[in-house]
Amino acid sequence: MNYWLMKSEPDVFGIDHLKAMPKKTEHWDGVRNYQARNMMRDDMKKGDQVFFYHSNCDEPGIVGVMEVVREGYPDHTAFDPDAKYYDPKSDPDNPRWYMVDVKYKRHLKRNISLRELKERDDPKLADLPLLRKGNRLSIMPLTKKHWDLLLSLE
DNA sequence: GCCAACGTTGGC
DNA sequence: GCCAACGTTGGC
């Protein structure tokens, strides 16, 4: 089992949106970054646990837990000229972008904010990608140690 | 293959 | 809104 963290802007698609979906499940579309694409296409497996992270908001941080319920498949929104993340270089015969389906599991008892994690300044969290300067990856792998440590803070 | 220009992310 | 830190594009 693998552990991940995925970022989304709460104004666009937050954890409450996910919870409100039928079956509390939604496809994670719109990722247009190759590193993140590769992880969704190749590495994310059914049953993997994922932190839902709210970015670009008043208090960026980890807000909940979800689970991968469908493994990588082509992101069809890339084929749609009217879609926000349309990419003419991706077509159904040779899809460039992939997504996974995730299911809401629960909110954390409290939000674990980025600010708090930085202030904590825990050496065990030093190599957490999230805390590394300039890291803009919207999907990142977590070690079980990081996962457990973060969960223990809730 | 280099690198300047440009676009995006995301914290602040 | 600003801007640092990237990633991508495309001319050469």
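So that the names make sense, note that chain A is the first sequence line, chain B the second, and so on, each numbered from 1. FYI, side chains are in, hydrogens and waters are out, and symmetry mates aren't considered; it's all heavy atoms of this structure. Given the structure is predicted, the values throughout are model-derived calculations rather than measurements.
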With DNA chain C as reference, determine whether A:Asn56 or A:Arg32 sits nearer its 5' end, using the nearest nucleotide of each.
A:Asn56
Please identify each residue that fulfils side-chain contact (heavy atoms from CB on, under 4.5 Å) with A:Gln49, with sequence neighbours left out.
A:Met1, A:Tyr3, A:Val65, A:Glu67, A:Lys105, A:Trp147
Applying side-chain contact (heavy atoms from CB on, under 4.5 Å) to A:Lys145 and not counting sequence neighbours gives A:Thr143
Kindly write out the residues that satisfy side chain to side chain donor-acceptor pair (under 3.5 Å) with A:His27, not counting sequence neighbours, or none if the list is empty.
none
At how many degrees, to 10°, do the end axes of the helix from B:dG1-C:dC12 to B:dC12-C:dG1 meet when each uses five pairs?
10°
Could you name each residue pair satisfying side-chain hydrogen bond (donor to acceptor under 3.5 Å, both in side chains) that touches residues 121-138 of chain A, not counting sequence neighbours?
A:Asp127-A:His146
According to side chain to side chain donor-acceptor pair (under 3.5 Å), who are the partners of A:Ser113, at least two apart in sequence or on a separate chain?
none
Under a 4.0 Å heavy-atom criterion, DNA chain C is touched by chain A from C:dA5 to C:dT9
Taking side chain to side chain donor-acceptor pair (under 3.5 Å) as the test, write out the residues that go with A:Arg70, two or more places apart.
none
Checking A:Asn111 now: which residues fulfil side-chain contact (heavy atoms from CB on, under 4.5 Å) with it, not counting sequence neighbours?
A:Val63
Among all residues two or more places apart in sequence or in another chain, which pass the side chain to side chain donor-acceptor pair (under 3.5 Å) test with A:Asn33?
none
Would you mind writing out the side-chain donor-acceptor pairs for residues 79-86 of chain A within the sub-3.5 Å range, not counting sequence neighbours?
unit_1: A:Asp80; atom_1: OD1; unit_2: A:Asp82; atom_2: N; d: 2.8

For residues 128-137 of chain A, which residues have at least one heavy atom under 4.0 Å from DNA chain C?
A:Lys133, A:Gly134, A:Arg136
Angle between ring planes, A:His17 versus A:Phe13, binned at 30° and 60°: parallel, tilted or perpendicular?
parallel
